[in-house]
Amino acid sequence: MSKHSKKHETAFGIDIGGSGIKGAPVDLHDGEFADDRLRIPTPQPATPDAVAKTVAEIVDSFDLGKHVPIGVTFPAVMLHGVAQSAANVDESWIGTDAEKLFSKATDRTVVAVNDADAAGYAEVLYGAAKDVKGVVLVVTLGTGIGSALVVDGRLVPNTELGHLEIDGHDAESRAAESARDRDGLDWEQWAQRLQRYFSVVENLFWPDLIVVGGGVSKHDEDFLPLLDLRTKIVPAKLRNAAGIVGAAALAAEADD
Ligand code: BGC
């Protein structure tokens, strides 16, 4: 048995993003991919039915035992598998029971979770926050800002700290990676926005550790040293594998 799941050695993770849908089997002992990852471009428009078809295509491309747990990430609030918001995705997702839809499309039980929750949980199990006790906050900087709050190893789902209202703005509209691109900011200018964002966050949550994820976390040396925070802040370790790994781990636990 794996260290984390009582029943499973392996689980399958799928990460649904704006441009690609990626899946791979995950070895739950070490959080590594157990086979090559498959990526299929996200269908446009990314309606629930079109995405479900791609999810099924990915699952069918692997030779998975019938009882391998499957976890899927989605960039929205996911209350017990039902999408509740659509900040950066097709509006038609609101109210969609993603677990039901993906389970039907794949003819298996599928667990659907928020993308940042999956990525954050993976960092706690296998990455930058491994063995850290207390309150860990993982913040992903991408098209939007996602957050995962993990307390003594237990995930508090759907925290949505990207949508804190700061200085009259939805925080992600100013501090996400996409805002850096959109506004043509250099690292110093973007870091000023991050400084404001993380100061508010640390004063509200008082985490023991902040982990910064998302694609831009590989450039951590360009912006993390510019931040002056009370809380220790480190880059994510699992990089773009985090969503797949976390979704797999959460699906395995849901089946324990
Ligand atoms: C969404 C979150 C998501 C984050 C990162 C936000 O706009 O509201 O649910 O986790 O973007 O994709």
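We count ligands from 1, going down the list as the structure has it; atoms in each ligand are counted the same way.
- Thr143 and Asn88 share no donor-acceptor pair across their side chains, judged by distance under 3.5 Å alone.
- To the nearest 0.5 Å, atoms CH2 (Trp187) and CG (Leu226) are separated by 10.0 Å.
- Nearest protein heavy-atom contact of atom 12 (O) of ligand 1 is Asp115 OD2, 2.6 Å.
- Residues Arg193 and Asp183 are paired through a salt bridge, judged by an N-O separation under 4.0 Å between the basic side chain and the carboxylate.
- In this structure, the protein non-hydrogen atom closest to atom 7 (O) of ligand 1 is Glu172 OE1, 2.8 Å.
- By the 4.0 Å heavy-atom criterion, Ile145 is counted among the residues contacting ligand 1.
- Side-chain contact annotation: Ser5 with Glu253, donor-acceptor N/O pair under 3.5 Å absent.
- Here Asn114 has side-chain heavy atoms under 4.0 Å from ligand 1, and that is the only part of it that gets that close.
- Contact annotation for Asp117 and ligand 1: no heavy atom of the residue comes within less than 4.0 Å of the ligand.
- Set against the non-hydrogen atoms of Ala76, the atoms of ligand 1 under 4.0 Å away are 9 (O).
- Within ligand 1, the atoms closer than 4.0 Å to a non-hydrogen atom of Ala87 are 7 (O), 8 (O), numbered from 1 in the order shown.
- Side-chain atoms of Val211 and Val139, non-hydrogen and from C-beta on, never get closer than 4.5 Å to each other.
- Using a 4.5 Å heavy-atom threshold, the side chains of Thr73 and Asn114 count as separate.
- Proximity to Gly146 (heavy-atom distance under 4.0 Å) selects the following atoms of ligand 1: 4 (C), 5 (C), 10 (O).
- Applying the 4.0 Å criterion to heavy atoms of His163 picks out, from ligand 1, the atoms 1 (C), 6 (C), 7 (O), 8 (O).
- Looking at atom 9 (O) of ligand 1, its nearest protein heavy atom turns out to be Glu160 OE2, 2.5 Å.
- When side chains are defined from C-beta on, Val200 does not count as touching Glu165, because their heavy atoms never get closer than 4.5 Å.
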